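Just below is one structure, and these are the notes that go with it.
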Number of protein chains: 2
Amino acid sequence: MNEELMKKFSNPQDCPVRNVVDRIGDKWSMLVLLLLAEEKVLRFNEIHKYIGTISQKMLAVTLKSLESDGLVNRTVYPQIPPKVEYQLTSRGKSLLPHLQKLVSWAKDNMNDIQTSRQNFIQTDD
Amino acid sequence: MNEELMKKFSNPQDCPVRNVVDRIGDKWSMLVLLLLAEEKVLRFNEIHKYIGTISQKMLAVTLKSLESDGLVNRTVYPQIPPKVEYQLTSRGKSLLPHLQKLVSWAKDNMNDIQTSRQNFIQTDD
DNA sequence: CTGCATCCTCAACGATACTG
DNA sequence: CAGTATCGTTGAGGATGCAG
């Protein structure tokens, strides 16, 4: 056994992998980030319309979490009715190329993966 | 509203983003893939030892799911006690550089993110 | 050794109603 | 418009025991 790897993979704290998974592994974060990457600035309800299947609650939770990590910026215009705009921070922008690579990998491999999944029959011998 | 983006983000099916999230967004898949990237070939129990906190059940579930998607190869040696080895397929290897980029991004930004998270106080005005 | 079966828990998520 | 509050559901994940 490799001692270095033991440290890297056995320790739940200080594990960058878990950091990534906790960040973009939830149901909506990655979607919101990629949407903001394309539209630059969006209001709460605009995001909601783009991602039709997200609930208002989860959108609020997701945005707040992204904001608290400094990936997304929240700008409030003090007017009635209120207007709030969201956009990527520089830190958020620095993450996005990697997410986009992942997406393009997924596009390239989606079909193969799905046929693999269908052809997958337990071969236990 | 941008019609192209509507299609991309509103449709749960055919969405590469969901594909990615479903694949590596679970608690263990990414960790297993990265471990196999470093050690090339590992037995069930070796993976289990490296990732000390994963349960036997979840390791089995994770490996089976990765195998069914053609990302990991499973080789059974018909002997008693049984011996089973896991390694990345070429498809799995093609995904890994992107995961490693994500991890290195996480390493670079972990500290900043954590301080952001601590300094984050609701600024609702 | 490498799993599968079973039961159980908890947190993510969703639906709905309400507010400044 | 942009959320919060509340309640209910569901499924991912963990613990334990058993099997080939």
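Treat the numbers as computed from the prediction; the structure is a model and nothing was measured. So that the names make sense, note that chain A is the first sequence line, chain B the second, and so on, each numbered from 1.
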In whole angstroms, how far is the [atom2] atom of [N] from the [atom1] atom of [X]?
X       : N      : atom1 : atom2 : result
B:Gln56 : C:dA5  : CD    : C1'   : 13 Å
A:Leu59 : D:dT4  : CG    : P     : 11 Å
A:Leu42 : D:dC1  : CG    : P     : 15 Å
A:Leu63 : D:dC1  : CG    : P     : 16 Å
B:Lys27 : C:dA12 : NZ    : C1'   : 13 Å
A:Lys64 : C:dC13 : NZ    : P     : 16 Å

Nearest to the side chain of [X] - [options]?
X       : options               : answer
A:Ala60 : C:dC13, D:dT4, C:dC1  : D:dT4
A:Arg74 : D:dG14, C:dC4, D:dA2  : D:dA2
B:Met58 : C:dG14, C:dC1, D:dG13 : D:dG13
A:Val84 : C:dC13, D:dG3, C:dG3  : D:dG3

Would you say that [X] contacts [Y] through its side chain, given a criterion of any heavy-atom pair below 4.5 Å between the two side chains?
X       : Y       : value
B:Leu31 : A:Phe9  : yes
A:Val32 : A:Leu66 : yes
A:Lys8  : A:Leu5  : yes

Note to self: Same cluster or not: A:Tyr86 versus A:Val76, using hydrophobic residues (I, L, V, M, F, W, Y) connected whenever any side-chain heavy atoms lie under 4.5 Å apart?
What the structure shows: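 Yes; A:Val76 is reachable from A:Tyr86 via cluster members.
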Check: Would B:Met110 end up clustered with B:Met30 when hydrophobic side chains under 4.5 Å apart are linked, directly or stepwise?
Finding: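 Different clusters.
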Item checked: Most 5' of B:Phe44 and B:Lys57 on DNA chain C, judged by nearest nucleotide ->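 First, find each residue's nearest nucleotide; the 5'-ward one identifies B:Phe44.
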Margin query: Return whichever of A:Thr53 or B:Lys83 has its heavy-atom-nearest nucleotide of DNA chain C closer to the 5' end.
Written below: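 Counting from the 5' end, the first nearest nucleotide belongs to B:Lys83.
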Check: Considering heavy-atom distances to DNA chain D, does B:Pro82 or B:Asp26 have its closest nucleotide positioned more toward the 5' end?
Finding: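 Between the two, 5'-proximity favours B:Asp26.
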Next item on the list: Would you tell me if any nitrogen or oxygen in the side chain of A:Arg43 comes within less than 4.0 Å of OP1 or OP2 on D:dC1?
Entry: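 False: A:Arg43 side-chain N/O out of range (4.0 Å or more) of D:dC1 OP1/OP2.
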Notebook entry, point to check: Any side-chain N or O of A:Tyr86 less than 4.0 Å from the OP1 or OP2 oxygen of D:dC1?
Noted result: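 Indeed not, no polar side-chain atom of A:Tyr86 lies that close.
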Note to self: Please classify the nucleic acid contact of B:Tyr77 as base, sugar-phosphate, or nothing, using heavy-atom distances under 4.0 Å.
What the structure shows: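 B:Tyr77: no heavy atom of the nucleic acid under 4.0 Å.
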